[in-house]
Amino acid sequence: MSLFAIGDLHLSISNDVDKPMDIYGPRWAGHMENLEKKWQATVKVEDTVIIPGDVSWGLKLSEAEPDLAWIDSLPGRKLIFKGNHDLWWNGITRMNKMFETITFVQNKAVACEGAYICGTRGWITPDNDEYTEADDRIYKRECLRLELSLQEAALMQQEKQGEIIGVLHYPPVSKINSFSGFQQLFMDYGVRRVIYGHVHGEEGFRNTIKGNYHGTDYNLVSYDYLMGQPLKLL
């Protein structure tokens, strides 16, 4: 059994959603077909895939349902976290009854493949040049949500040893050499690996945090950065 990650699938299967992705450059050409091919070749039924947000362009759950059903049809168990574009996300209890292979994760930790997966959406951080008072309220709320999920993971870890893997949708810091409350929390709870998405385009890839900082490895797993190839974590 293996653990993979890939985010920012940006699906729009519903006839009520018109959002072609190929307008964003060659990395997005035929992206559903490319993702399906690489997923099928990589992920087995017994594996798990973490999807850190921006799953569907649907505005309502009914519009996102065809996209989620398509994900459900792919091999493996899926752990889905919320992204900033997942406006359809509504009613976590109801959502978690909809699909056999999908678990929607919010304010909690999930035991998986000998690891404990936890996280939150995140937000832009105080080092961002466009940071406002409104952003500060959301940022602090997201730090609190992250800590709640880390606390649950730490309790699980006391019962049975295993690695805590942190998940964000936004990058944990806006500028590579800055430092955020998200990073402090990961340090406080001994998190050695964090995955995130949200970042797109060559300039974005160059200017986002990747690699080891303060003892934690940060991995960008957005679809276009990985070219549709799920990243193997464990």
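- Take Ala41 and apply the side chain to side chain contact (heavy atoms under 4.5 Å, CB included) test, not counting sequence neighbours, and it matches no residue.
- When hydrophobic clusters are built by joining Ile, Leu, Val, Met, Phe, Trp and Tyr residues whose side-chain heavy atoms come closer than 4.5 Å, directly or via intermediates, Val43 is grouped together with Leu231.
- Proximity of Tyr218 to Lys210: side-chain heavy atoms (C-beta onward) are nowhere separated by under 4.5 Å.
- At a threshold of 4.5 Å between side-chain heavy atoms, the hydrophobic network of Ile, Leu, Val, Met, Phe, Trp and Tyr places Phe4 and Leu234 in one connected group.
- Residues passing the salt bridge (Lys or Arg N to Asp or Glu O under 4.0 Å) test with Lys140, sequence neighbours excluded: Asp136.
- Leu35 meets the side chain to side chain contact (heavy atoms under 4.5 Å, CB included) test with Ile6, Leu9, Trp39, Trp70, Tyr223; sequence neighbours excluded.
- Side-chain atoms of Thr132 and Asp135 include a donor-acceptor pair closer than 3.5 Å.
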(request) Decide side-chain contact (heavy atoms from CB on, under 4.5 Å) for Met95 and Leu61; before the verdict, give the C-alpha distance in whole Å, the side-chain angles of both, and the deciding distance to 0.1 Å. (result) CA-CA 9 Å; Met95 287 161 52; Leu61 184 56; 4.2 Å; yes
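- Of the possible donor and acceptor atoms, none in the side chain of Ser12 sits under 3.5 Å from a partner among the backbone N and O of Val17.
- Think of Leu59 as one node in a network of Ile, Leu, Val, Met, Phe, Trp and Tyr side chains linked at under 4.5 Å; its network also takes in Leu87.
- If you run side chain to side chain contact (heavy atoms under 4.5 Å, CB included) between Ser178 and each of Asn128, Val173, Thr125, only Val173 comes through.
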Quiz: residues 99-107 side-chain donor-acceptor pairs under 3.5 angstrom, not counting sequence neighbours:
from: Thr101; atom 1: OG1; to: Asp72; atom 2: O; distance (Å): 3.3
from: Thr101; atom 1: OG1; to: Asp72; atom 2: OD1; distance (Å): 2.6
from: Thr101; atom 1: OG1; to: Lys78; atom 2: NZ; distance (Å): 2.9
from: Gln106; atom 1: OE1; to: Trp89; atom 2: NE1; distance (Å): 2.7

(request) Evaluate the criterion side chain to side chain donor-acceptor pair (under 3.5 Å) for residue pair Tyr196 and Thr208; output intermediate values, then yes/no. (result) CA-CA 11 Å; Tyr196 69 95; Thr208 195; 2.8 Å; yes
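- Atom CG of Asn212 and atom CG of Asp217 lie 4.5 Å apart (nearest 0.5 Å).
- Among all heavy-atom pairs drawn from Ala5 and Leu226, the shortest one is O-CD1, 3.7 Å.
- Both Leu74 and Ile13 are assigned to one and the same hydrophobic cluster, defined by single-linkage of ILVMFWY side chains at heavy-atom distances under 4.5 Å.
- For the pair Met21 and Trp57, the tightest heavy-atom approach, listed with the atom from each and the gap, is SD-NE1, 3.3 Å.
- By the 4.5 Å side-chain criterion applied to Ile, Leu, Val, Met, Phe, Trp and Tyr, Met187 is assigned to a cluster that also includes Phe179.
- Take Trp123 and apply the ring pair (Phe, Tyr, Trp, His ring centres under 6.0 Å) test, not counting sequence neighbours, and it matches Tyr170.
- Distance check: Leu185 CG to Gln151 CD gives 9.0 Å after rounding to the nearest 0.5 Å.
- Of all the heavy atoms in Trp88 and Gly58, the pair that sits closest is CD1-O, 3.2 Å.
- Note on residues 58-67: pairs passing side chain to side chain donor-acceptor pair (under 3.5 Å), not counting sequence neighbours, are Ser56-Asp67.
- Following chains of ILVMFWY side-chain contacts shorter than 4.5 Å, one can reach Ile92 starting from Leu79, so the two form part of one hydrophobic cluster.
- The distance from atom CE of Met156 to atom NZ of Lys160, rounded to the nearest 0.5 Å, is 12.5 Å.
- Note that CG of Leu168 and CZ of Phe182 are 6.0 Å apart. Values are rounded to the nearest 0.5 Å.
- With contacts defined as side-chain heavy-atom distances shorter than 4.5 Å, the pair Ile50/Leu233 qualifies.
- Gly119 and Leu146 get closest at one heavy-atom pair: CA-CD1, 3.8 Å.
- In this structure, Asp47 contributes its side chain and Leu3 its backbone to no donor-acceptor pair below 3.5 Å.
- The distance from atom CD1 of Ile138 to atom CD1 of Ile124, rounded to the nearest 0.5 Å, is 8.5 Å.
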(message) Run the salt bridge (charged side-chain N to carboxylate O under 4.0 Å, His left out) test on Asp54 and Lys82 for me, step by step, so that the C-alpha distance in whole Å, both residues' side-chain angles and the decisive distance to 0.1 Å come before the verdict.
(response) CA-CA 7 Å; Asp54 280 6; Lys82 186 178 182 180; over 6 Å; no
(request) Run the numbers on Thr48 and Met1 for side-chain contact (heavy atoms from CB on, under 4.5 Å), then give the verdict. (result) CA-CA 8 Å; Thr48 299; Met1 296 183 289; over 6 Å; no
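- Side-chain contact of Gln183 with Thr216: a donor-acceptor pair under 3.5 Å is absent, judged by distance alone.
- Remark: Asn90 engages Arg94 in a side chain to side chain contact (heavy atoms under 4.5 Å, CB included) (not counting sequence neighbours).
- When all heavy atoms of Cys118 and Ala153 are compared, the closest pair comes out as SG-CB, 3.9 Å.
- Pro75 is not listed as a side-chain neighbour of Lys44, based on a closest heavy-atom distance of 4.5 Å or more.
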(request) Output, in order, the C-alpha distance, side-chain angles, deciding distance and verdict of side-chain contact (heavy atoms from CB on, under 4.5 Å) for Arg77 and Val110. (result) CA-CA 12 Å; Arg77 178 189 184 192; Val110 177; 3.3 Å; yes
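- Surrounding CG of Asn15 are at most 12 heavy atoms belonging to other residues, nucleotides or ligands under 6.0 Å away.
- Of all the heavy atoms in Gly166 and Phe186, the pair that sits closest is CA-CE2, 3.9 Å.
- A salt bridge (Lys or Arg N to Asp or Glu O under 4.0 Å) check over residues 189-205, counting only residues at least two apart or in different chains, returns the pairs Arg27-Glu202, Glu163-Arg193.
- With hydrophobic clusters built from ILVMFWY side chains whose heavy atoms lie under 4.5 angstrom apart, Met98 shares a cluster with Ile71.
- With hydrogens and angles ignored, the 3.5 Å screen pairs a side-chain donor or acceptor of Asp86 with a backbone N or O of Gly83.
- Looking only at atom types and distance, the side chain of Asn84 has a donor-acceptor partner in the side chain of His198 under 3.5 Å away.
- Each salt bridge (Lys or Arg N to Asp or Glu O under 4.0 Å) pair with one or both residues in residues 105-123, not counting sequence neighbours, appears once here: Arg121-Glu142.
- In this structure, OG on Ser174 lies 10.5 Å from CD1 on Ile209, to the nearest 0.5 angstrom.
- For the side chain to side chain contact (heavy atoms under 4.5 Å, CB included) test, residues two or more places apart in sequence or in another chain that qualify with Ser222 are Asp8, His200, Phe205, Leu220, Asp224, Tyr225.
- For the pair Ile164 and Leu150, the minimum side-chain heavy-atom distance is below 4.5 Å.
- With contacts defined as side-chain heavy-atom distances shorter than 4.5 Å, the pair Met32/Leu11 qualifies.
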